[in-house]
*Asks:* 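Once you've had a glance at the structure underneath, I'll fire off some questions.
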Amino acid sequence: MHREIDRAARIYVAGHNGLVGSAVVRRLQAAGFKNVLTASRQQLDLRDQGEVSHWFKANRPDYVYLVAGTVGGILANSTRPAEFIYDNMMIHGTVVHAAHEYGTKKLLYLGSSCIYPRQATQPITEDQLLTGPLEPTNEWYAIAKIAGIKLCQAYRRQYGCDFISAMPTNLYGPNDNFDLNSGHVLPALMRKFHDAKLAGAKSVEIWGTGSPMREFLHVDDLADACAFLMENYSDDSHINVGSGLDLSIHDLAEKVRSVVYPESELHFDKSKPDGTPRKVLDVTRLRDLGWAPKVDLDTGIRSTYQWLLDQQEVMNTPRGMQTVQVDG
Ligand code: GFB
């Protein structure tokens with residue numbers, strides 16, 4: 001089912017300042033969409049139903065990319081559980097409800113691969129949702145994300161809303177959070193190697209054992225997949241978005257080291273958590289629809305590091321000063 005979206009349609013990107021939202025805006029603008037709507041955190045608190053409903057009433061978006069959320073890496077997830085569950089449950093609830101109230105034609109909700117059980121069979125197929133216990137370091141975030149999927153399904157079943165859900169793997173790219181405490185592994189390692197190079201330090205600390213396996217997808221590929229799904233997917237079930245390829249954290253660290261600071265040495269801090277042992281998505285359904293990623297990991301690491309070098313203001317931010325993003 002391909003349904004081309006009118007380039008004059010009103011399209012709201014919730015979370016446009018974040019890693020994902022900014023990539024979605026770039027993707028939509030490149031495709032010629034003329035009415036891309038955004039609202040800053042100061043203008044609109046997405047956790048407040050009154051504000052969100054009021055905004056939808058005034059702006060009446062035809063399509064919504066719900067890619068906002070409180071997000072972060074393994075440490076932020078395990079130390080700030082209340083924010084991760086509350087913010088995300090509220091954001092999904094308010095936006096999905098307002099989209100229904102004010103006649104949004106289609107909404108795409110973005111979840112996360114951490115919704116699946118810790119011991120899921122690899123690669124992880126969509127039907128493994130709710131078949132076992134979650135990874136404890138991020139169960140609060142995962143529960144909120146699972147609720148988001150169910151919310152979209154419930155509004156589809158009860159009200160006939162065309163609300164779909166996509167589950168991306170670990171993402172990276174421009175506008176990522178490079179903070180060492182709250183960021184995900186790829187941007188955190190990039191920043192650590194970069195700081196070590198500037199300081200002339202030889203050893204770079206990698207959390208955990210280095211053995212966990214992770215899959216990575218460049219955020220421009222994710223944005224492209226989201227735009228593709230908006231025009232080509234309309235199903236009750238959520239759908240995985242990934243590259244289908246994974247590597248160990250040790251191998252990832254080697255890749256980042258070779259791009260940023262080849263002279264450095266890796267030091268593994270085994271007192272830090274590993275998190276889930278392996279998490280690679282089965283992307284057969286998305287591939288069968290005709291979508292595949294374009295950015296390989298080596299190219300993506302190089303271009304993201306170049307982007308980071310171009311962001312002087314990010315590099316000038318003292319460590320630990322940035323907070324967890326409220327945009328996905
Ligand atoms: O990316 P990350 O924080 O999150 O960590 P998850 C991935 C792996 O990299 C873990 C290791 O095994 C970390 O211990 N790691 C090594 C590091 N060095 C570092 C470092 O300097 N910083 C970080 N952050 N990790 C997240 C979930 O899980 O995945 C979220 O917490 C979300 O909820 C996201 O689902 C996609 O991949 O373990």
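Just so you know, ligand 1 is whichever comes first in the structure, and atom 1 is the first atom listed for that ligand.
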*Asks:* Can you tell me the protein heavy atom closest to atom 29 (O) of ligand 1 and the distance?
*Replies:*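 Answer, as residue, atom name and distance: Lys279 NZ, 3.3 Å.
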*Asks:* List every atom of ligand 1 that sits less than 4.0 Å from any heavy atom of Ser112, numbering the atoms from 1 in the order shown and giving each element.
*Replies:*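 Listed by number with element: 32 (C), 35 (O).
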*Asks:* At less than 4.0 angstrom from any non-hydrogen atom of Gly72, what atoms of ligand 1 do you find?
*Replies:*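 So the answer, numbered in order with elements, is 30 (C).
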*Asks:* Under 4.0 Å from any heavy atom of Pro212, which atoms of ligand 1 are there?
*Replies:*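 Numbered from 1, ligand 1 contributes 12 (O).
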*Asks:* Check the side chains of Asp62 and Thr104 for a donor-acceptor pair under 3.5 angstrom, ignoring hydrogens and angles.
*Replies:* no
*Asks:* For the residue pair Tyr305 and His194, is the inter-centroid distance of their aromatic rings smaller than 6.0 Å?
*Replies:* yes
*Asks:* Do Asp282 and Thr284 have side-chain atoms, one donor and one acceptor, less than 3.5 Å apart?
*Replies:* yes
*Asks:* Do His218 and Tyr172 have their ring centres less than 6.0 Å from each other?
*Replies:* yes
*Asks:* To the nearest 0.1 Å, how far is atom 34 (C) of ligand 1 from its closest protein heavy atom, and which atom is that?
*Replies:* His184 NE2, 3.4 Å
*Asks:* Hey, is ligand 1 close enough to Leu180 that some N/O pair sits below 3.5 Å?
*Replies:*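 In this structure, Leu180 places no N or O atom under 3.5 Å from an N or O of ligand 1.
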*Asks:* Where is the nearest protein heavy atom to atom 36 (C) of ligand 1: which residue, which atom, and how far?
*Replies:*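 Checked against all protein heavy atoms, atom 36 (C) of ligand 1 sits closest to Asn170 OD1, 3.4 Å.
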*Asks:* Just let me know how Asn77 lines up against ligand 1, side chain, backbone, both or neither, with a heavy-atom cut-off below 4.0 Å.
*Replies:*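 For Asn77, the contact with ligand 1 is made by the side chain alone.
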*Asks:* At a non-hydrogen distance cut-off of under 4.0 Å, which region of Arg214 contacts ligand 1 (side chain, backbone, both, or neither)?
*Replies:*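 Near ligand 1, Arg214 shows its side chain, while the N, CA, C and O stay back.
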*Asks:* Report, in ascending order of atom number, the atoms of ligand 1 lying under 4.0 Å from any heavy atom of Gly73.
*Replies:* 3 (O), 31 (O)
*Asks:* Which residue is it: Arg214, Lys279, Arg278? I am looking for the one with a salt bridge (charged side-chain N to carboxylate O under 4.0 Å, His left out) to Asp246.
*Replies:* Arg278
*Asks:* Run the numbers for me: atoms of ligand 1, each under 4.0 Å from some heavy atom of Pro273, listed by number.
*Replies:* 13 (C), 14 (O)
*Asks:* Quick one: nearest non-hydrogen protein atom to atom 33 (O) of ligand 1, plus distance?
*Replies:* Tyr141 CD2, 3.0 Å
*Asks:* Fit a plane to each ring of Tyr12 and Trp55, take the angle between them on a 0 to 90° scale, and name the class: parallel (under 30°), tilted (30 to 60°) or perpendicular (over 60°).
*Replies:* tilted
*Asks:* Are the aromatic ring centres of Tyr109 and His92 under 6.0 angstrom apart?
*Replies:*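 That pair passes the under 6.0 Å test.
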*Asks:* Would you mind telling me if ligand 1 is within reach of the side chain of Ile74, the backbone, both or neither, using heavy atoms under 4.0 Å?
*Replies:*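 Both the backbone and the side chain of Ile74 come within reach of ligand 1.
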*Asks:* Report the part of Glu205 in contact with ligand 1, treating N, CA, C, O as backbone and CB onward as side chain, heavy atoms under 4.0 Å; options are side chain, backbone, both, neither.
*Replies:* neither
*Asks:* Output, in order, the C-alpha distance, side-chain angles, deciding distance and verdict of ring pair (Phe, Tyr, Trp, His ring centres under 6.0 Å) for Phe163 and His100.
*Replies:* CA-CA 9 Å; Phe163 294 171; His100 157 60; 7.6 Å; no
*Asks:* Report, in ascending order of atom number, the atoms of ligand 1 lying under 4.0 Å from any heavy atom of Cys114.
*Replies:* 33 (O), 35 (O)
*Asks:* Do any nitrogen or oxygen atoms of Ser113 lie less than 3.5 angstrom from nitrogen or oxygen atoms of ligand 1?
*Replies:* no
*Asks:* Strictly distance-based, threshold 3.5 Å: is any side-chain N or O of Thr94 a donor or acceptor partner for the main-chain N or O of Leu46?
*Replies:*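 Yes, because the side chain of Thr94 sits within donor-acceptor range (under 3.5 Å) of the backbone of Leu46.
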*Asks:* For Gln128 and Thr131, which I'm curious about, is there any donor-acceptor pair between the side chains at under 3.5 Å?
*Replies:* no
*Asks:* Can you establish whether the number of heavy atoms outside Trp291 located under 6.0 Å from its atom CH2 is more than 12?
*Replies:* yes
*Asks:* Is there a polar contact, in the sense of an N or O pair closer than 3.5 Å, between Val185 and ligand 1?
*Replies:*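 Looking only at distances, the answer is yes, because the N/O contact criterion of under 3.5 Å is met.
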*Asks:* What residue and atom, counting heavy atoms only, is the protein's closest point to atom 27 (C) of ligand 1, and at what distance?
*Replies:*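 The closest one turns out to be Asn138 ND2, 3.2 Å.
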*Asks:* Atom 21 (O) of ligand 1: which protein heavy atom is closest, and how many Å away?
*Replies:* Lys192 NZ, 2.7 Å
*Asks:* Indicate whether any N or O donor in one side chain lies under 3.5 Å from an N or O acceptor in the other, for Tyr233 and Asp162.
*Replies:* no
*Asks:* Under a 4.0 angstrom heavy-atom cut-off, which atoms of ligand 1 come close to Ala188?
*Replies:*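 Answer for ligand 1: 20 (C), 21 (O), 22 (N).
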*Asks:* Side chains of Asp87 and Thr70: do they bring a donor and an acceptor to under 3.5 Å?
*Replies:* yes
*Asks:* Does some non-hydrogen atom of Lys272 fall short of 4.0 Å from ligand 1?
*Replies:* no
*Asks:* How close does the nearest protein non-hydrogen atom get to atom 8 (C) of ligand 1, and which residue and atom is it?
*Replies:* Ile249 CD1, 3.6 Å
*Asks:* Provide, to 0.1 Å, the distance between atom 10 (C) of ligand 1 and the closest protein heavy atom, together with that atom's residue and name.
*Replies:*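 Nearest neighbour among protein heavy atoms for atom 10 (C) of ligand 1, to 0.1 Å: Asp274 O, 3.3 Å.
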*Asks:* Take a 6.0 Å sphere around NZ of Lys57 and say whether it holds more than 12 heavy atoms from other residues, nucleotides or ligands.
*Replies:* no
*Asks:* Which of the atoms of ligand 1 are close to Gly183, meaning less than 4.0 Å from one of its heavy atoms?
*Replies:*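 What qualifies from ligand 1 is 24 (N).
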*Asks:* Measure Trp207 to ligand 1 on non-hydrogen atoms and call it side chain, backbone, both or neither using the 4.0 Å cut-off.
*Replies:* both
*Asks:* Can you tell which of Lys106, Lys105, Arg3, Arg7 makes a salt bridge (charged side-chain N to carboxylate O under 4.0 Å, His left out) with Glu231?
*Replies:*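 Exactly one pass, corresponding to Arg7.
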